[in-house]
Amino acid sequence: MEPPEDKDGRTFVEVISEKYSPENFPYRRGPGMGVVVVSTGGPQGSPMKDRLNLPSVLVLNSCGISRSGDQAEIAAFCAHVMELDLSHNKLQDWHEISKIVSNIPNLEFLNLSSNPLAGMTLEPRWAEAFSSVRRLVLNNTQVSWDTVLLLTREIPELEELFLCHNEYSSVSPSSVACPTLRLLHITDNCLKDWAEVRKFGSMFPCLDTLVMANNNLSSIQDSKDILQRLFPKLRSINLHNSGLNQWEDIEKLNFFPKLEEVRLQGIPLLQAYTNAERRSLMIAQLPSISLLNGSAVTDSEREDAERFFIRYYLDYPEEELPYRYHSLVNKYGKLEPLAEIDLRPRCRAQVEVHCEEKVEQLSIRLDQTVAELKKQLTTVVQLSTNSMRLYYIDKGSAFGPEEMKYNTRALHSYSIQDGICLKS
């Protein structure tokens, strides 16, 4: 598809001339912050200034760029540039993009996010311009999957690829693998079937990190042998907000031989559990992981989680017990349920009130003060609060009666138990 001519957009050359001109950066900002480049190859009458303060990291997002401009000037001023952010511009012609990139020989990072590249064709001869790139960001470009495959073939040392918000519901396999790719970030797409994810394994055999959050993936369908063969080096996987709803899918994560980090929040399977239950059950199911949802799993936390797991399934029938249950029982034995201990502070006590020869049983609130108790006792002992002296007698104590003379002191601070005597 041929891109429409954009007469309103600006050129890459115009933008860097304006943004990095000596008028805007009259002084260098310290060693390593930028490079002062003198143009020697620009034609007479060039819009470029004689000198530009160009850093090695160019951030040119949202500048209205739609075309490259003079390639000789790009080559003269950008030879040292290593990172280039062209996100949120008007680039919709791969040929124009290739003119920019081909003249930046040391470019390692390129961000083209949110440029309107839907339906645009990338010719193989243009794709060669991207050969030095190691990290490529194509989020929200709606770039076709065929274009992605062409880029992975033409970029020999591609390590990181970002393809978020591109509405992919399926992907086609590649006849040529990309063995250098370590990170694939493909969140917020429409991938539902594990058959599509399986293709990533053959396309990217050395994949270390797979980020697939916000895809409605329904299940992990492959066997242990297939997962071990397709993802031999996968160390981290992110399945936040996927559609996983069976513990069998969680168990299959153990089949990735190098997996040590898992991110799994917002899935239907875990909605019925508390936060503490979710984490404990997940840790117990995944014995090899060291990071869960961004938090390290300590040895003590793992042991607590595994013991919790055994007790959680104590009353389940044999046919419903997960496979992991039996291996943990072999490790710890069949544990007894934990005793339920109420650690809440007592709120009432049954006491004896002695006044002269009179003794009465009384239930008192322990959250009240001495003054409030005296007021309660006025009807019992027939004395006013001002003339009342109150003593606390613990029959098991060797210290004798203790006068309760501080009216604002709370009763629970006396550690009052059932059967204690109060004497007026």
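If you're wondering where the values come from, they're calculated on a predicted model, not measured in any experiment.
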So that I can tick it off, tell me whether E248 and K252 are bridged by a salt bridge, with the cut-off set at under 4.0 angstrom between side-chain N and carboxylate O.
no
I need the L181 CG to L183 CG distance, nearest 0.5 Å.
7.0 Å
Where do V329 and I310 come nearest, in terms of heavy atoms and distance?
N-CD1, 4.0 Å
Evaluation steps, side-chain contact (heavy atoms from CB on, under 4.5 Å), between I267 and L239:
CA-CA 8 Å; I267 64 173; L239 295 171; 5.7 Å; no
Is the shortest heavy-atom distance from the side chain of R307 to the side chain of Y332 under 4.5 Å?
yes
Would you compute the distance between atom CZ of R10 and atom CD1 of I16 and round it to the nearest 0.5 angstrom?
11.5 Å
Can you find a heavy atom in the side chain of W94 that is under 4.5 Å from one in the side chain of V143?
yes
Answer yes or no: is there a side-chain heavy-atom contact under 4.5 Å between K233 and C206?
yes
Should the heavy atoms of other residues, nucleotides or ligands under 6.0 Å from OH of Y273 be counted, would the total exceed 12?
yes
Run the side-chain contact (heavy atoms from CB on, under 4.5 Å) check on V148 and N166 step by step: do they pass?
CA-CA 11 Å; V148 172; N166 282 332; over 6 Å; no
Would you say E167 has more than 12 foreign heavy atoms packed within less than 6.0 Å of its CD?
no
Distance-only check: which donor-acceptor pairs under 3.5 Å involve side-chain atoms of residues 157-164, not counting sequence neighbours?
| from | atom 1 | to | atom 2 | distance (Å) |
| --- | --- | --- | --- | --- |
| E157 | OE1 | R134 | NH1 | 3.2 |
| E157 | OE1 | R134 | NH2 | 2.5 |
| E159 | OE2 | R134 | NH1 | 3.0 |

Is there side-chain contact between V57 and F109, with at least one heavy-atom pair below 4.5 Å?
no
Taking E277 for the side chain and T274 for the main chain, is one N or O donor matched with an acceptor at less than 3.5 Å?
yes
Given side-chain contact (heavy atoms from CB on, under 4.5 Å), test F200 with L191 step by step and report yes or no.
CA-CA 12 Å; F200 298 147; L191 299 170; 4.2 Å; yes
In Å, rounded to the nearest 0.5 Å, how long is the span from CZ of R153 to OG of S175?
5.5 Å
Nearest heavy-atom pair of L58 and C78: which atoms, and what distance?
CD1-SG, 4.3 Å
Has the side chain of D304 got a donor or acceptor atom that lies under 3.5 Å from a matching backbone atom of E301?
no
Measure the shortest side-chain to side-chain distance between D193 and Q221 over non-hydrogen atoms and say whether it is less than 4.5 angstrom.
yes
At their closest point, which heavy atom of H240 faces which heavy atom of Q265, and how far apart are they?
ND1-N, 2.9 Å
Ring-plane angle category for H95 and W126, please: parallel below 30°, perpendicular beyond 60°, tilted otherwise.
parallel
Only one of N106, L54, I104 forms a side chain to side chain contact (heavy atoms under 4.5 Å, CB included) with H80, so which one is it?
L54
Using a strict 4.0 Å threshold on nitrogen-to-oxygen distance, state whether K99 and E96 make a salt bridge.
yes
Within a 6.0 Å radius of atom CG on D315, are there more than 12 heavy atoms belonging to other residues, nucleotides or ligands?
no
Would you please say whether a donor-acceptor pair under 3.5 Å links the side chains of N111 and S113?
yes
Side-chain contact test, heavy atoms from C-beta onward, threshold under 4.5 Å: evaluate it for L217 versus W194 and give yes or no.
yes
Only one of K374, K375, M404 passes side chain to side chain contact (heavy atoms under 4.5 Å, CB included) with M388; say which it is.
K374
Between E372 and Q376, is any pair of side-chain heavy atoms under 4.5 Å apart?
no
Find the distance between CZ (F309) and CG (L314) and round it off to the nearest 0.5 Å.
11.0 Å
When rounded to the nearest 0.5 angstrom, what is the spacing between OH in Y313 and CD in E318?
13.5 Å
Pair D85, S87: side-chain N/O donor-acceptor within cut-off below 3.5 Å:
yes
Should K199 and E196 count as an ion pair when the cut-off is N to O under 4.0 Å?
yes
Derivation and outcome, side-chain contact (heavy atoms from CB on, under 4.5 Å), residues V197 and N215:
CA-CA 11 Å; V197 183; N215 284 276; over 6 Å; no
Which atom of P257 lies closest to which atom of F231, heavy atoms considered
CD-O, 3.7 Å
Taking all non-hydrogen atoms of both residues into account, name the closest pair between S280 and A305 and its distance.
O-CB, 3.5 Å
When the side chains of residues 282-297 are checked against the rest of the protein, which donor-acceptor pairs come out under 3.5 Å, sequence neighbours left out?
| from | atom 1 | to | atom 2 | distance (Å) |
| --- | --- | --- | --- | --- |
| S290 | OG | E260 | O | 3.4 |
| N293 | OD1 | L264 | N | 2.7 |

Can you tell whether the side chains of E261 and R235 come within less than 4.0 Å, N to carboxylate O?
yes
Ignoring hydrogens, what is the shortest heavy-atom contact between D367 and R365? Give both atom names and the distance.
OD1-NE, 3.0 Å
Can you name the one residue among T187, N238, N241, N189 that meets side-chain hydrogen bond (donor to acceptor under 3.5 Å, both in side chains) with N214?
N241
For a 4.5 angstrom cut-off between non-hydrogen side-chain atoms, does D249 reach L269?
no
Please report the interatomic distance CD1(I237) to CZ(R263), rounded to the nearest 0.5 Å.
12.5 Å
Picking from I74, I97, L91, what satisfies side chain to side chain contact (heavy atoms under 4.5 Å, CB included) with S68?
I74
Run the salt bridge (charged side-chain N to carboxylate O under 4.0 Å, His left out) test against E306 and tell me which residues pass, sequence neighbours left out.
R324, K331
Over 60° means perpendicular and under 30° means parallel, so classify the ring planes of Y168 and W145, tilted if in between.
perpendicular
